[in-house]
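One structure is given below, encoded as structure tokens.
Order of appearance sets the numbers: ligands from 1, and atoms from 1 within every ligand. Note that the coordinates shown come from a computational prediction; the quantities given were computed from them, not determined experimentally.
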Amino acid sequence: MAITVVGSVAYDSIETPAGRRDRCLGGAATYFSLAASFFTDVRVIAVVGEDFGPEQEAVFKARKIDTRGIERAAGKSFFWEGSYLDNLNEAKTHNTELNVFASFNPKVPEAYRDSEFLFLANIDPVLQRRVREQMPDVRLVAGDTMNYWIKDHKPALLEMLKGLDVLLINDTEARMLAANNNLVQAARGVLAMGPHTLIVKHGEYGATAFFSHRSFPNNSEKPNHAFRAPALPLEEVVDPTGAGDSFAGGFFGYLASQRELTPATFRRAMFYGGVMGSYACERFGTERLQQLTRKEIDERFIVFRELTHLD
Ligand code: AMP
């Protein structure tokens, strides 16, 4: 089943303890769609500037990602600059230039309208909501956001959250959004804002799903209140940029590839998220995801199982 995703397609300048890259292809929708494309068909909605050329387009095409919804506008593409020198789990943002995204009015192409899954990747919550409104009949809507939008765009963000089934954010963002430092209480607060399920990402420590009574209304299996999946301890983290979006791509891509959405499917999806997030960190930018194979994904899924198996 196809996923439509809206979010940033960007140029990133990144500094990590392993080195520096200037203006490499990035953006939340880019990482998400590369990761999800290993599981199902992906269609992207975004805007890029005149600096986005055939070389960048080819990265999407190589994974058969539908780019008909990527609009071209006069001006420069979204630009983000960040570093991870003190803490590999959290980016320090040095510069965010919305550029062509500042005046973007997303239109869902006719060819995307039969998508059953919608992912609102990190971007202005006003844009996320506009896309959500154009796709009222999707089966499952998930989304992401970040401190940038929580801090200065809270009213628009709260409106957007009302249209979500599943929210994926990192733990600092969950605490910030709910204005509560206790993660369990913060999760409860976030679940009251709209989404029935919250996935909190903990960087190198994995991710926790918080379910509510609304998560599986038609399922007799009683969902756990929470489920924790590990991250893979990596020998070297070259660049954590996009790990969260790749987690989301693996998670949502796997869900979209399954016939039934049960607590067990969600738990497995969390592991596939971890697999994709860990691969994303192994090289700068999208390099590792571009070279990845489905066989490597399945092999690492087994490593994840072994990591947590008791008997
Ligand atoms: P993450 O998965 O959280 O590491 O996301 C990294 C990506 O988010 C980078 O490729 C950036 O281009 C993108 N990004 C950074 N800031 C923003 C923002 N305010 N809105 C949308 N995308 C952003």
Side-chain angles (χ1 to χ4, degrees), residues 5-16 21-36 44-49 51-52 56 59 76-84 87-102 104 106 119-128 131 143-154 156-157 160 167-174 176 199-204 207 231 237-252 273-274 276-289:
V5 53
V6 61
S8 54
V9 170
Y11 283 103
D12 292 343
S13 289
I14 306 159
E15 193 172 4
T16 82
R21 288 286 188 284
D22 279 308
R23 293 188 61 78
C24 56
L25 176 66
T30 306
Y31 284 102
F32 176 91
S33 43
L34 287 173
V44 191
I45 297 174
V47 63
V48 292
D51 47 5
F52 186 89
Q56 287 72 35
V59 173
K76 285 203 284 183
S77 299
F78 187 109
F79 174 72
W80 176 78
E81 186 175 2
S83 67
Y84 302 82
N87 180 0
L88 276 169
N89 275 325
E90 217 165 308
K92 189 162 173 223
T93 295
H94 300 291
N95 192 6
T96 304
E97 290 172 17
L98 300 180
N99 295 328
V100 289
F101 264 100
F104 182 45
F119 192 78
L120 309 175
N122 186 19
I123 197 59
D124 187 336
V126 170
L127 302 181
Q128 292 176 311
V131 171
D144 189 4
T145 190
M146 72 182 288
N147 50 11
Y148 184 88
W149 306 109
I150 300 172
K151 219 160 101 293
D152 299 323
H153 297 74
K154 188 101 179 254
L157 182 62
M160 185 281 282
L167 175 68
L168 296 98
I169 45 180
N170 70 34
D171 37 27
T172 318
E173 291 156 358
M176 192 175 170
I199 312 288
V200 179
K201 298 169 283 178
H202 312 293
E204 65 178 312
V237 174
V238 172
D239 173 17
T241 310
D245 305 310
S246 305
F247 177 98
F251 171 82
F252 210 53
M276 301 311 289
S278 70
Y279 274 125
C281 293
E282 289 185 351
R283 303 251 200 297
F284 270 100
T286 56
E287 280 170 30
R288 186 66 180 98
L289 294 184

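G242 N, 2.7 Å is the protein heavy atom nearest to atom 4 (O) of ligand 1. Closest protein heavy atom to atom 5 (O) of ligand 1: D245 OD2, 2.7 Å. For atom 10 (O) of ligand 1, the nearest non-hydrogen atom of the protein is D12 OD2, 2.4 Å. Ranking protein heavy atoms by distance to atom 17 (C) of ligand 1, first place goes to M146 SD, 3.4 Å. Among protein heavy atoms, the minimum distance from atom 21 (C) of ligand 1 is reached at N122 O, 3.1 Å.
Checked against T286 for a side chain to side chain contact (heavy atoms under 4.5 Å, CB included), the options D239, T30, D12 give a single hit: T30. Here the rule is side chain to side chain contact (heavy atoms under 4.5 Å, CB included) with F79, and of N95, D51, L98 only N95 fits it.
The aromatic ring centres of F119 and F252 sit less than 6.0 Å apart.
For K92, the NZ atom is loosely surrounded, since the number of other residues' heavy atoms within 6.0 Å does not exceed 12.
How far CG of N147 is from OG1 of T172: 8.0 Å, rounded to the nearest 0.5 Å.
Within ligand 1, counting atoms from 1 as listed, the ones closer than 4.0 Å to a heavy atom of G27 are 9 (C), 10 (O), 12 (O). Residue W149 has at least one heavy-atom neighbour below 4.0 Å for each of these atoms of ligand 1: 18 (C), 19 (N), 20 (N). Listed by number with element, the atoms of ligand 1 under 4.0 angstrom from any heavy atom of G26 are 10 (O). Short contacts between ligand 1 and S8, defined as distances under 4.0 Å to a heavy atom of the residue, involve ligand atoms 13 (C), 21 (C), 22 (N), 23 (C). Those atoms of ligand 1 with a heavy atom of T241 less than 4.0 angstrom away are 4 (O), 6 (C), 9 (C), 10 (O). Taking every heavy atom of G244 and a limit of under 4.0 angstrom, the matching atoms of ligand 1 come to 2 (O). Of all atoms in ligand 1, numbered sequentially from 1 with element shown, those under 4.0 Å from a heavy atom of A10 are 12 (O).
Between F101 and F78, the ring planes lie perpendicular to each other; the angle is over 60°, past the 30° to 60° tilted range. Using the six-membered ring where Trp is involved, F251 and F247 have ring planes that are parallel, under 30° apart on the 30 and 60° scheme.
Listed by chain and number, the residues in a ring-ring contact (aromatic ring centres under 6.0 Å, His included) with W149 are H153 (sequence neighbours excluded). Listed by chain and residue number, N89 satisfy the side chain to side chain donor-acceptor pair (under 3.5 Å) test with E204 (two or more places apart in sequence, or in another chain).
Under the 4.0 angstrom criterion for non-hydrogen atoms, F78 is in contact with ligand 1.
Under 4.0 angstrom from ligand 1, the non-hydrogen atoms of A243 all belong to its backbone.
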